[in-house]
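Okay, structure first, notes after.
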Amino acid sequence: MAKLVFGMNQSLDGYVDHMEFAPSPTLFRHFIEEARGQAGSVYGRRMYEIMRYWDDDHPEWDADQRAFATAWRSQPKWVVSRSQKSVGPNARLVEDDLEGAIRKLKAERDGEIEVAGPDLARSLTELGLIDEYRIYLHPVVLGHGKPYFAGPRPRLRLVAHDRIDEDVIRLTYGPA
């Protein structure tokens with residue numbers, strides 16, 4: 001059975017915003033390895049549109065960016081959206097019955113499936129479907145933006161913590 005993992009970069013004051021701070025080279029390499037090991041990803045529409053950047057090659061990319069793109073392209077993706085009409089390569093659209101679709105996905109797959117986007121994570125948290133939360137805590141204070149927990153504040157227990165690079169700590173929580 002697959003494990004659903006919601007993990008994102010977060011500021012000290014609880015916000016996620018990929019435009020306000022970026023991963024260091026060390027953290028980016030960590031994300032490449034994470035992407036290589038994942039059984040797939042479930043995206044909300046907005047996060048999927050952002051990540052579609054990796055579908056096309058860009059001449060200015062370095063080796064790490066090419067490696068991430070390769071890992072991202074190779075994994076299956078499920079896009080949760082009622083408004084999206086089509087999705088890119090190696091992706092499937094989930095339009096109806098979110099709970100049923102994700103329960104089926106978890107039952108049919110093995111390994112970790114990434115949940116991408118706080119709005120989608122809110123819906124999956126409400127349904128009790130997220131198995132693990134990973135907060136990549138950055139020493140940045142934003143003061144605004146989209147909160148990591150966009151909805152219910154689940155009861156959690158710390159299961160692991162580790163330093164990923166000089167400034168970022170990964171906090172891993174499971175449901176209490």
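Only this structure's heavy atoms are used, side chains among them; waters, hydrogens and symmetry mates stay out. Start at 1 with the first residue, then count along the sequence.
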Aromatic ring pairing His138/Phe21, orientation class (parallel under 30°, perpendicular over 60°, tilted between): tilted

Parallel, tilted or perpendicular, as decided by the 30° and 60° cut-offs, for the rings of Tyr53 and His58: parallel

Enclosure of Met1 CE (heavy-atom neighbours >12, cutoff 6.0 Å): yes

Are [X] and [Y] within salt-bridge range, i.e. N to O under 4.0 Å?
| X | Y | answer |
| --- | --- | --- |
| Glu33 | Arg36 | yes |
| Arg45 | Asp119 | no |
| Asp165 | Arg29 | no |

Spatial distance of atom [atom1] ([X]) from atom [atom2] ([Y]) [nearest 0.5 Å]:
| X | Y | atom1 | atom2 | answer |
| --- | --- | --- | --- | --- |
| Ser81 | Met47 | OG | CE | 14.0 Å |
| Thr70 | Ile32 | OG1 | CD1 | 9.5 Å |
| Ile130 | Leu120 | CD1 | CG | 7.0 Å |
| Gln84 | Leu93 | CD | CG | 6.5 Å |

Donor-acceptor contact below 3.5 Å, side chain Arg153 vs main chain Gly151: yes

Test item: Tyr173 side-chain N/O and Ile135 main-chain N/O as donor-acceptor pair under 3.5 Å: no

Where at least one partner belongs to residues 89-101, residue pairs that pass side-chain hydrogen bond (donor to acceptor under 3.5 Å, both in side chains), sequence neighbours excluded: Glu99-Arg103

Donor-acceptor pair between Thr125 and Tyr133 side chains, under 3.5 angstrom: yes

Candidates Phe28, Trp54, Phe68 - the one meeting ring pair (Phe, Tyr, Trp, His ring centres under 6.0 Å) with Trp61: Trp54

ILVMFWY cluster, Leu12 and Tyr15 together (side-chain gap under 4.5 Å): no

Nearest heavy atoms of [X] and [Y], plus distance in Å:
| X | Y | value |
| --- | --- | --- |
| Tyr48 | Gly88 | OH-N, 2.8 Å |
| Pro118 | Met8 | CD-SD, 3.7 Å |
| Pro23 | Phe31 | CB-CE1, 4.1 Å |
| Ile113 | Ala2 | CD1-CB, 3.6 Å |
| Asp167 | Pro139 | O-CD, 3.2 Å |
| Leu142 | Ser11 | CG-CB, 3.8 Å |

Minimum side-chain heavy-atom gap Ser24-Val168 below 4.5 Å: no

Student check: side-chain heavy atoms of Arg170 and His30 closer than 4.5 Å: yes

Sequence neighbours excluded, every pair satisfying salt bridge (Lys or Arg N to Asp or Glu O under 4.0 Å) that has a member inside residues 6-21: none

Pairs involving residues 124-140, ordered by first then second residue, that meet salt bridge (Lys or Arg N to Asp or Glu O under 4.0 Å) (sequence neighbours left out): Lys3-Glu132, Glu34-Arg134, Lys106-Asp131, Glu112-Arg134, Glu132-Arg134

